[in-house]
Amino acid sequence: MGRIPEETVREVRDRVDIVDLIGRYVDLRKAGRNHKGLCPFHDEKTPSFNVNPDRQAFYCFGCQEGGSAFTFLMKHENLSFPEAVRVLARECGIEIPETSGGDSGSSEPLFEANRIAHQLYRDALATAEAAPARDYLEGRGIDDELIERFEIGYAPNRWDTVAGVLAREGIPARVGETVGLLARRDSGGHSGGHYDRLRGRVVFPICDVRGRCLGFGGRAIFDDQEPKYLNTPETPIFHKREALYGFPLALEGIRRSGRVIVCEGYFDRIALHRAGLPEAVATCGTALTDGHGRELRRRSGQIVLLFDGDEAGQNAMEKALDTLLPTGLRVRAALLAPGEDPDSFLQERGAPALATLVDKAPDALEVVIQRALRGGCSTPSEKSAAVGHAAPFIARIENPVERSAYTRRLALATDSDDGAVDTIVRGFLAKLRVAAARGQQGRQPAASVAHESAGSAPYKTAPYKTAAGADKTAADAHKTAAGAGRGPAGTEGAERKLAELAQLLFKKPALVTLEVRERIEEILPDGSWKSILRHLMAAALDGRVDRSGAIDLLHVEGELDAEAGARLHEIAVSELFEEIESSPDAILEDHLGWFAKQRRVAASRDLRRKLSDPQADVDALLAERQRQLEEKRTAHGIATEPVP
């Protein structure tokens, strides 16, 4: 495949709803003209990630990642630019002209192989051969509507069904093997081709938030099949430590309910949907991981854990807490009786009872404390064991106020001294911090994110950084720095003025004239911002504007280096000048006048330095001094007397 035409790229860009796209990955809330959420590119507790639908741009004030819809997919999905364009083009129904040369990227053939296999499995479930599978599903309470909604299929009980279909579709066997659909057949130590990995099983597709099939889970339906559940293995596109079953179907439910229900199995996830709880997801044969926790934290602040009621299920609940508590999530745990799982609970007691169980789920740490008390709490050793069981979980709580409250709760439950329990909790907290500092854990320990404070100004001197979670808007910065008059010059003041000037010309390209360009070239200091301004002015004079009337980002961003590109995307999402009463022309004159003044001050200072030199050409310097005075008078509107 060759180069994608520029007009096609623009058509795709204009058709994509960037808020809808990023909203699949981040829980976005409207904030002024932007939408805000927790950044998917770094860990944070305070939202600093902004998406601007008018500009079709995103920017994080915490880690300085920014760009377009294409950039987001490239960063989040590790795609090349052509891959990202093609992915979004397919979603928008836009056909991309095919030319010779190049390639489609390493991941597309894998997704295509999964797509073909997925369709084969779905079609196979309707055949006579799949009658045992349909009977099995019916016995589990899954009707045709649920089969269709969850796209459940059947892997024929033959060795080469998928292998044959992939071959007929032109997909090499090595691709089927890479994506986990096929396994290599060894015969007498020599390669004998490939065979289907899933055979004679009900098949559940595991998809990402865009609905792309990442892998499959297979449930045995015959007595002699082992193991009972068999998933396709880890592949370049299927990472079990990050994947969640039912995620695409859960997104709307998560948005409506403000919570995520986490369970362990495919049938449990479907059972929760049947009970009117579509906000559920299930892990894929692995414990809940840090990757899951980060993904869930960006979707909602509240998690309900619903695991099996046996000892293994309770242990899984506690392991999940170990992962979730440091993220600041509110975690509750629904209690099932031993031997029960959500699917069996639904079949025995009905949907209303399951919904009530989830809605009334107690605080998960209370469950841990009560579980710790089951071993008794009447002797000193029993008290010590109970505190030792619950204290590590309390130490993982990020908020010190909550941590202190749970510490007192544990002391009360075990009838122990508050100070003694607090000492034990602090001991575990210290160990967590040391382990994190040594890089022995991927998680940050609790209460170690104090640097994410609000209130920092949006523009700083080099290196170009902004405070994570900064809530101060660019409009505030303008009121305090730009609109407050002509304060003393300084690097930070000039930096802010340059940023504001760039944003003004970006949003109001009609201000750019040949005269304005000449003045900017003459009076502004050289540097990164001046380079950005040059590109913005060239685009403005060429008429390269987007549908909102601002400079077309797509035209400019490709011409800038990484730092300048980050600055450009920051000003694209900032709300500077949106609420300023002054006209754009007045603001432009104010800023250009400020830089002209600083230039005059610097020139006067340099002239005084030269006059102090005994070897200086005094006459020439005095003439220069006279010229500077005349320039200053002109700037202040004072008429200059003509020389006779």
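Values below: every heavy atom of this structure, side chains too, minus hydrogens, waters and symmetry copies.
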With sequence neighbours left out, which residue pairs that include part of residues 530-553 fulfil the ring pair (Phe, Tyr, Trp, His ring centres under 6.0 Å) condition?
-> none

All ring-ring contact (aromatic ring centres under 6.0 Å, His included) counterparts of His76, not counting sequence neighbours | Tyr25, Phe72

Test: Asp590 and Lys497 ion pair at under 4.0 Å = yes

Excluding sequence neighbours, so at least two apart, what forms ring-ring contact (aromatic ring centres under 6.0 Å, His included) with Phe49?
-> Phe58

Phe247: partners by ring-ring contact (aromatic ring centres under 6.0 Å, His included), with sequence neighbours left out = none

For His569, what residues pass the side chain to side chain donor-acceptor pair (under 3.5 Å) criterion, not counting sequence neighbours?
-> Glu557

For Arg90, all residues meeting side-chain contact (heavy atoms from CB on, under 4.5 Å), sequence neighbours excluded = Arg86, Val87, Glu108

With sequence neighbours left out, what residues match Asp20 under side-chain contact (heavy atoms from CB on, under 4.5 Å)?
-> Asp17, Arg24

Using side chain to side chain donor-acceptor pair (under 3.5 Å) as the criterion, list what pairs up with Arg241, not counting sequence neighbours.
-> none

Glu234: partners by side chain to side chain donor-acceptor pair (under 3.5 Å), with sequence neighbours left out | none

For Leu249, which residues count as a side-chain contact (heavy atoms from CB on, under 4.5 Å) partner, sequence neighbours excluded?
-> Arg149, Phe150, Arg269

Can you name the residues that form a side-chain contact (heavy atoms from CB on, under 4.5 Å) with Leu541, not counting sequence neighbours?
-> Val512, Leu514, Arg517

Excluding sequence neighbours, so at least two apart, what forms side chain to side chain donor-acceptor pair (under 3.5 Å) with Gln56?
-> none

